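What you see is a predicted model; the values in this text were computed from it and never measured.
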Amino acid sequence: MAMMACGAILGLALAGYSLFTARGTSTLHVPAEDVALVNQQPISRIDYLAQLQTLFSVDLQHASAQQRKKVLDDMIREELFVQRGKELDVASSDPDVRAALVNAVELEIAADAITSQPTEEKLRAYFESHKERYASEGIMTVHDYVFPPAESSAAADAVKILKSASAADSAGRFKDRESGKVGDEQFYFAAKIHLGDPLFEVARTLSPGAVSMPLVMADGIHVLYMTANQRPRPRDFATVRDQVLSDYRGEAIARLRSGDEGFLRKRANVLLADDMRE
């Protein structure tokens with residue numbers, strides 16, 4: 001029995017030695033497509049050749065021994081540090097590393113949308129459904145006169161006066177009523193920010209010299225007087241094709257990212273603190 005036990009132990013020892021030292025195993029053999037293995041992590045031969053070309057502008061045949069050694073040492077050092085960073089879980093604490101990881105994942109998700117070339121028919125269909133986006137920017141000069149809620153009759157009288165008076169007369173007569181938000185020439189987007197959506201939607205419909213009806217808002221009664229209104233002009237597809245392509249790809253990327261985020265959220269176990277739950 002003792003000899004049988006010794007034989008079994010010797011057999012296992014020989015088998016283990018053969019397993020970890022035989023040629024062709026992962027510990028001694030580097031695949032042809034790699035230049036090195038660092039803790040069984042491969043360093044690609046393609047990446048090595050690219051790094052050699054980037055640093056010294058030479059191919060493998062014309063590189064000196066020192067150049068080849070430097071590139072290989074640098075790549076091994078990088079892999080060692082990457083592996084050590086994973087052991088230390090640097091990605092969870094370093095904001096730059098976290099941002100780089102997020103960016104890498106987003107680029108991978110968006111790769112298909114970035115590299116794909118949509119047909120002209122798809123681009124034209126997208127353009128037709130978003131024509132207002134590609135029109136020239138409108139410009140307006142509008143005066144916004146504000147009256148206290150109790151002075152509704154004064155606001156109505158102002159409308160009558162503004163309809164009959166010239167721009168110069170009206171500007172001087174009701175100057176103390178101006179909101180100060182507008183009054184000079186502004187692009188549509190700026191006027192929309194200053195007036196707010198409700199007032200802007202009324203202003204954009206006014207022709208030069210037109211006056212709005214009194215508009216009751218939370219801060220008072222507004223009367224709009226338009227002195228100049230250059231409305232947006234549509235542009236043809238050929239002029240804005242590059243922008244259409246960029247917007248088309250942007251929406252495709254957004255859809256892909258949203259889909260992948262939803263998938264990752266479904267398979268993840270996300271726990272929220274009590275005070276963060278709605």
Side-chain angles (χ1 to χ4, degrees), residues 103 106 110 113-114 123-255 257-258:
N103 185 58
E106 288 183 341
I114 294 174
L123 288 180
R124 284 186 176 275
Y126 183 87
F127 168 75
E128 292 295 333
S129 61
H130 300 83
K131 264 190 172 181
E132 71 285 349
R133 181 184 300 176
Y134 304 106
S136 63
E137 184 60 56
I139 301 174
M140 68 168 59
T141 304
V142 61
H143 296 272
D144 176 28
Y145 305 113
V146 186
F147 298 84
E151 297 183 14
S152 57
S153 59
D157 291 340
V159 172
K160 296 177 182 178
I161 295 172
L162 289 169
K163 286 183 178 180
S164 60
S166 67
D169 293 340
S170 62
R173 186 164 186 174
F174 297 101
K175 194 168 185 62
D176 61 326
R177 298 287 191 173
E178 291 223 38
S179 65
K181 298 177 180 178
V182 288
D184 54 351
E185 185 178 86
Q186 295 186 351
F187 286 113
Y188 267 34
F189 75 87
K192 185 176 183 179
I193 293 173
H194 295 151
L195 290 173
D197 290 348
L199 290 177
F200 174 76
E201 290 303 317
V202 175
R204 67 187 301 182
T205 65
L206 298 176
S207 300
V211 183
S212 72
M213 296 299 293
L215 305 167
V216 179
M217 307 293 291
D219 60 341
I221 303 173
H222 291 252
V223 175
L224 301 177
Y225 179 72
M226 183 67 66
T227 59
N229 188 2
Q230 182 180 327
R231 293 184 173 89
R233 296 179 180 178
R235 295 174 179 169
D236 60 273
F237 174 75
T239 304
V240 296
R241 184 187 181 282
D242 291 343
Q243 184 181 351
V244 173
L245 176 59
S246 177
D247 293 344
Y248 180 91
R249 284 176 171 167
E251 288 196 8
I253 291 171
R255 288 194 299 270
R257 286 177 177 170
S258 178

Under the rule for side chain to side chain donor-acceptor pair (under 3.5 Å), what residues qualify as partners of R124, not counting sequence neighbours? none
Under 3.5 Å donor-acceptor pairs involving side-chain atoms of residues 190-203, not counting sequence neighbours:
| unit_1 | atom_1 | unit_2 | atom_2 | d |
| --- | --- | --- | --- | --- |
| H194 | ND1 | K181 | O | 3.4 |
| H194 | ND1 | Q186 | OE1 | 3.1 |
| H194 | ND1 | Q186 | NE2 | 3.2 |
| H194 | ND1 | A190 | O | 3.3 |

Separation between CG of D176 and OH of Y145, rounded to the nearest 0.5 Å: 10.0 Å
Counting N and O atoms only, with roles assigned by atom type, does the side chain of T141 sit under 3.5 Å from a partner on the main chain of A228, one being a donor and the other an acceptor? no
Nearest-0.5 Å distance, CG of residue L245 to CG of residue L123: 5.5 Å
Residue pairs meeting side chain to side chain donor-acceptor pair (under 3.5 Å), one or both in residues 148-159, sequence neighbours left out, come to E151-R177
Within 6.0 angstrom of R204 CZ, more than 12 heavy atoms from elsewhere: no
Taking all non-hydrogen atoms of both residues, which atom of P214 and which atom of V223 are closest, and how far apart? CA-CG2, 4.3 Å
Looking at every heavy atom in both L162 and Y225, which two are closest together, and how far apart are they? O-CE1, 3.6 Å
So which heavy atom on V240 is nearest to which on R235, and how close? CG1-CD, 3.8 Å
By side chain to side chain donor-acceptor pair (under 3.5 Å), Y126 pairs with (sequence neighbours left out) R133, E251
Here the side chain to side chain donor-acceptor pair (under 3.5 Å) pairs for residues 208-224, sequence neighbours left out, are D144-H222, D219-H222
Side-chain contact test, heavy atoms from C-beta onward, threshold under 4.5 Å: evaluate it for Y188 versus N229 and give yes or no. yes
Quick check for you: to the nearest 0.5 Å, what is the distance between Q243 atom CD and F237 atom CZ? 11.5 Å
Ignoring hydrogens and geometry, is there a side-chain-to-backbone donor-acceptor pair from S258 to A254 under 3.5 Å? no
Considering all heavy atoms, the nearest S179-V146 contact: CB-CG2, 3.7 Å
State whether the number of non-hydrogen atoms from other residues, nucleotides or ligands found under 6.0 Å of M213 atom CE is greater than 12. no
Ignoring hydrogens, what is the shortest heavy-atom contact between H130 and Y134? Give both atom names and the distance. O-CD1, 3.2 Å
Please list, chain by chain and in numerical order, all residues satisfying side chain to side chain donor-acceptor pair (under 3.5 Å) with D236, sequence neighbours excluded. T239
When every non-hydrogen atom of A252 is compared with those of A113, the smallest separation belongs to CB-CB, 4.0 Å
